[in-house]
There are 2 protein chains.
Amino acid sequence: MNKCDQCIVRQLSSLKALNKEEVIKLANSKTTHKIKKGEAIFEEGEVTNGVFCVKDGVGKLSKLSANGKDQIIKLVKSGELLGQRSMISNEPANLSAKAIADMEVCFIPKSEIIHFFNNNNQFSLNLMQSVCEDLKESENDKIALVQKTVKQRLAETLLHLHDAFGENADKTLKVQLTREELAGMIGTATESCIRLLSDFNKLELIELVGKKIVLKDIKALKRLSEQL
Amino acid sequence: MNKCDQCIVRQLSSLKALNKEEVIKLANSKTTHKIKKGEAIFEEGEVTNGVFCVKDGVGKLSKLSANGKDQIIKLVKSGELLGQRSMISNEPANLSAKAIADMEVCFIPKSEIIHFFNNNNQFSLNLMQSVCEDLKESENDKIALVQKTVKQRLAETLLHLHDAFGENADKTLKVQLTREELAGMIGTATESCIRLLSDFNKLELIELVGKKIVLKDIKALKRLSEQL
DNA sequence: ATTCTAACATGATAAATGTCATAGTTATAG
DNA sequence: CTATAACTATGACATTTATCATGTTAGAAT
């Protein structure tokens, strides 16, 4: 007996529009994969021919630059789909997807998705809306990159991580990113990121618990991220 | 007699998937508008409730920042649709759309688009692909903003303008942007943009003909925009 | 436990870019 | 045809951020 019906992805993603029959079809065509922290789900330039459902774990979509820095475009967590854009555009992946925490993902072949897209209006609308959501976020990120300082972007990103992933029992952020990855998210040098974290620590905006981070003064961080 | 059938937008945009019957339906529901240079089609925060077809002219999608700078997200030209994203997301516009050169646009009400989306698979796929295209571009822009210098981004943007809009008989770029708008596209201060244009002029990469720009050494510009 | 490696941290310095001031130029309204 | 505003241009300077160097710490492997 398959479990697609109960799967978190089915509850949160565009797939929630599928009916019983479609879910059965889905369950029969999907394949499940475990990806260890650090491993890739797919690499930039690969032809994926389908989408990945994130059942568990956290991943990053990133692009490696010529100078060796890895720019992170988006983090994905359980419940989300991955690789929709390149599948729909019929193009090789523009970004690499790698696990930041051990992941469990299911692969759904393109043919299935296209079938759902053509036969289920709610599904196609959902899928469309999720791409639109990504687009809006990307445009807003672009604006932030230009109009905000590194300090503001760091504050903003910490708040976003807190919002999207929550905190552990000890108040530390649940997503565990290296300083380098955090730098990659805000678009700055690793050293600059570390330096600013130190500053924030001294200002008691955050607390550094080993490599983990606690947001101590969320209001101040918010003010900082929005200030003129 | 309406002319939607012959319209350039119908030939270039997602609307090319519409059949005769649908085009007639479209022609009966659309309204045509003339927008003068500098005027807005819609402003950030407005609820548009439909999409705009660009029949003629050039427009910019931009967002005004708190410090008064206008960040340009995208230029649109004849044949393109405008406002698809916010319509699909059911949200007020995230960006303002303004004319850079006198424009002629048609407004198509949301109900029509949704009807086509639900009844014409090819149309919905086209629409989806166009949003995906925007997303890919936006992600690549984001990466460029972080990984390239202002100089490189200027070179890249000049090439893109040349590519997308072409040149006049005197070789000057066809889109006429102010230095401020150009700065808004590459995400820098107007003065920095002007200064770099001067530099490029001295290096004979471009020629400044009054306010217009001629690309003199496209290969060198390309090299510059890609160099490490 | 010891060594080794990757991650974190910080100082010194350089480079890129923004800001402010000021002046010349062009377009446009009256 | 002038006056006025908007745009273009350039210099001087301040600030931000990247880069390079170096040291420290923490975790993994032997």
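Below, chains carry the letters A, B, ... as their sequence lines are ordered, and counting in each starts from 1. What's counted below: heavy atoms across the whole structure, side chains too, no hydrogens, waters or symmetry copies.
For DNA chain C, the outermost nucleotides in 5' to 3' order that have an atom under 4.0 Å from a heavy atom of chain A are C:dA7 to C:dA12. From the 5' end on, the contacts that DNA chain D makes with chain A at under 4.0 Å to a non-hydrogen atom open and close at D:dT17 to D:dC20.
Within 4.0 Å (heavy atoms only), B:Thr190 reaches no atom of the nucleic acid at all.
Comparing A:Leu197 and A:Val146 along DNA chain C, the residue whose closest nucleotide (by nearest heavy atom) sits nearer the 5' end is A:Leu197. Positionally, the nearest nucleotide of DNA chain D for B:Leu208 lies more toward the 5' end than for the other of B:Leu208 and A:Arg153. Where B:Thr178 and B:Arg195 each meet DNA chain D at their nearest nucleotide, the meeting point lying more 5' is that of B:Thr178.
Distance check: A:Leu215 CG to A:Leu205 CG gives 9.5 Å after rounding to the nearest 0.5 Å.
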### Task
Given side chain to side chain donor-acceptor pair (under 3.5 Å), test B:Gln84 with B:Ser130 step by step and report yes or no.
CA-CA 9 Å; B:Gln84 325 171 41; B:Ser130 116; 3.2 Å; yes
message = Is there a salt bridge (charged side-chain N to carboxylate O under 4.0 Å, His left out) between A:Lys36 and A:Asp102? Walk through the geometry before answering.
response = CA-CA 4 Å; A:Lys36 282 199 188 134; A:Asp102 291 359; over 6 Å; no
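Five base pairs at each end of the helix from C:dA1-D:dT30 to C:dG30-D:dC1 define two local axes, and these are offset by 50° (rounded to 10°).
A:Lys98 and A:Glu39 are not joined by a salt bridge, as no carboxylate oxygen comes within less than 4.0 angstrom of a charged side-chain nitrogen.
In this structure, A:Lys151 places its NZ atom where only 12 or fewer heavy-atom neighbours from other residues, nucleotides or ligands lie under 6.0 Å away. Within 6.0 Å of the NZ atom in A:Lys16, the count of heavy atoms belonging to other residues, nucleotides or ligands exceeds 12.
When only modelled atom types and interatomic distance are considered, B:His33 and B:Glu104 share no side-chain donor-acceptor pair under 3.5 Å.
Each of B:Cys53, B:Ser78, B:Cys106 was compared with B:Val9 under the side-chain contact (heavy atoms from CB on, under 4.5 Å) criterion, and only B:Cys53 meets it.
With a 4.5 Å cut-off on side-chain heavy atoms, A:Ser96 and A:Glu43 count as touching. A heavy-atom distance below 4.5 Å is not found between the side chains of A:Glu180 and A:Asp70.
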